[in-house]
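Have a look at the structure below, then the notes.
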Amino acid sequence: MLKPKIAPSMLSCDFSQLGEEAIRMIDSGADYLHMDVMDGHFVNNLTFGAPVVNCLNNYLQKNTKKEYVLDCHLMVSNPEKWVEDFAKSGATIFTFHIEATENPSELIEKIKSNGMKVSIAIKPKTDVSIIFPFLDKLDMVLIMTVEPGFGGQSFMKDMMKKVEILREKLPNLDIQVDGGLSPKTIDFASKAGANVIVAGTSIFKSDDPAKTIQILKDSVQNNLIDKDKDKDKK
Ligand code: DX5
Ligand code: ZN
């Protein structure tokens with residue numbers, strides 16, 4: 001059964017307090033902690049790598065009893081180079097960009113054999129059909145709704161066509177959307193069939209992150225219920 005999952009993007013947090021910020025998100029109802037890894041090459045920005053994810057994982061193991069998921073979104077060239085490091089750091093999900101690798105099948109196998117869940121991301125200009133051959137091997141797909149590189153950009157509504165196509169093909173696939181998601185834009189994404197929602201600015205700049213997370217979750221949940229009803233009618 002498909003579930004709504006909300007993934008605050010830690011890119012928008014106060015990095016000097018990464019551990020505490022992550023706990024604040026977990027306590028506010030976050031399902032995943034979305035970790036944006038950028039190499040200054042695949043995208044025009046530089047963030048962090050596996051050592052930081054490792055420190056965060058160690059901190060969370062000591063400081064929370066709750067379960068958490070480290071959802072790592074690698075916006076890097078040569079993602080194959082980092083699989084072992086991320087596996088060792090405690091990453092739960094390894095998402096790579098289809099535009100960044102020449103051998104997606106081999107990379108999928110490498111990620112799985114290192115014990116992580118695997119997901120493929122596509123940039124706004126990339127056609128969704130490029131990932132069709134790999135769909136049955138994936139735990140999740142990430143449809144970018146901004147050009148990767150920075151938080152705080154505007155949601156690209158025209159990406160919802162890709163989500164609809166995927167949802168039609170695979171009713172039980174986790175479909176993640178990333179970029180510009182907020183209480184104002186969430187209904188477009190959830191109606192199209194997205195169920196894993198990344199949100200940086202809208203959650204971290206909110207006066208009440210728990211409330212914002214709940215609004216995002218409710219929108220997805222309501223649309224999942226509507227889709228089930230439609231199925232019963234058919
Ligand atoms: C962009 C990142 C996103 C970004 C989302 O390259 O992949 O995860 O942080 O931030 P907002 O929600 O602010 O658009
Ligand atoms: Zn991301």
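As the structure lists them, so they are numbered: ligands from 1, and atoms in each ligand from 1. Just so it is clear, the structure is predicted and the values come from calculations on it, not from any experiment.
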Taking only heavy atoms of His34, which atoms of ligand 1 are found under 4.0 Å from at least one of them?
-> 8 (O)
Would you please classify the geometry between the Phe155 ring and the Phe188 ring as parallel, tilted or perpendicular, with 30° and 60° separating the classes?
-> parallel
Mark up the atoms of ligand 1 that fall under 4.0 Å of a heavy atom belonging to Met38, in ascending order.
-> 6 (O)
Using a cut-off of 6.0 Å, state whether more than 12 heavy atoms not belonging to Lys137 lie near its atom NZ.
-> yes
Which of the atoms in ligand 1, numbered in the order shown and given with their element, are less than 4.0 Å from a heavy-atom of Gly179?
-> 14 (O)
Check ligand 1 against Asp36 and write out every atom of the ligand that is under 4.0 Å from a heavy-atom position of the residue.
-> 2 (C), 3 (C), 4 (C), 7 (O), 8 (O), 9 (O)
N/O of Gly149 under 3.5 Å from N/O of ligand 1, yes or no?
-> yes
Per residue Asp178, nearest N, O or S atom to the Zn ion (ligand 2) is named OD2
Pull out every atom of ligand 1 sitting under 4.0 Å from any heavy atom of Thr201, numbered as shown with elements.
-> 11 (P), 12 (O), 13 (O)
Please determine which of Asn223, Thr212, Val220 meets the side chain to side chain contact (heavy atoms under 4.5 Å, CB included) test together with Ile186.
-> Val220
Which ligand 1 atoms are under 4.0 Å away from a heavy-atom of Val198?
-> 8 (O)
Among non-hydrogen protein atoms, atom 1 (C) of ligand 1 lies closest to Phe150 O, 3.5 Å
Pull out every atom of ligand 1 sitting under 4.0 Å from any heavy atom of Gly152, numbered as shown with elements.
-> 11 (P), 13 (O), 14 (O)
Check the surroundings of atom CD in Glu106: do more than 12 heavy atoms from other residues, nucleotides or ligands lie under 6.0 Å from it?
-> no
Test: Lys217 and Asp31 ion pair at under 4.0 Å | yes
Has Ser202 got any heavy atom lying under 4.0 angstrom from an atom of ligand 1?
-> no
With respect to atom 14 (O) of ligand 1, which of Ala7, Gly180, Ala199, Gly200 exhibits the smallest heavy-atom separation?
-> Gly180
Identify the closest protein heavy atom to atom 9 (O) of ligand 1: which residue and atom is it, and at what distance?
-> Ser9 OG, 2.9 Å
Between the side chains of Gln176 and Ser119, does any donor sit under 3.5 Å from an acceptor?
-> no
For ligand 1, is any non-hydrogen atom under 4.0 Å from Leu11's backbone (N, CA, C, O), its side chain (CB onward), both, or neither?
-> side chain
Should Glu164 and Arg167 count as an ion pair when the cut-off is N to O under 4.0 Å?
-> no
Any N or O of Leu181 that comes nearer than 3.5 Å to an N or O of ligand 1?
-> no
Have a look at the Zn ion (ligand 2) and estimate, to 10 degrees, the angle subtended by ND1 (His73) and NE2 (His34).
-> 100°
Who's the nearest protein heavy-atom neighbour of atom 10 (O) of ligand 1, and how far?
-> Gly151 CA, 3.6 Å
Going by atom types alone, do Asp71 and His73 pair a side-chain donor with an acceptor below 3.5 Å?
-> no
Top protein contact for atom 5 (C) of ligand 1, by heavy-atom distance = Asp178 OD1, 3.5 Å
Check whether the side chains of Asp208 and Ser206 place a donor and an acceptor atom closer than 3.5 Å, and report yes or no.
-> no
Among the N, O or S atoms of Asp36, the one nearest the Zn ion (ligand 2) | OD1
Between Glu147 and Lys125, is the closest basic N to carboxylate O distance under 4.0 Å?
-> yes
Which ligand 1 atoms does His73 reach within 4.0 Å, using its non-hydrogen atoms?
-> 7 (O)
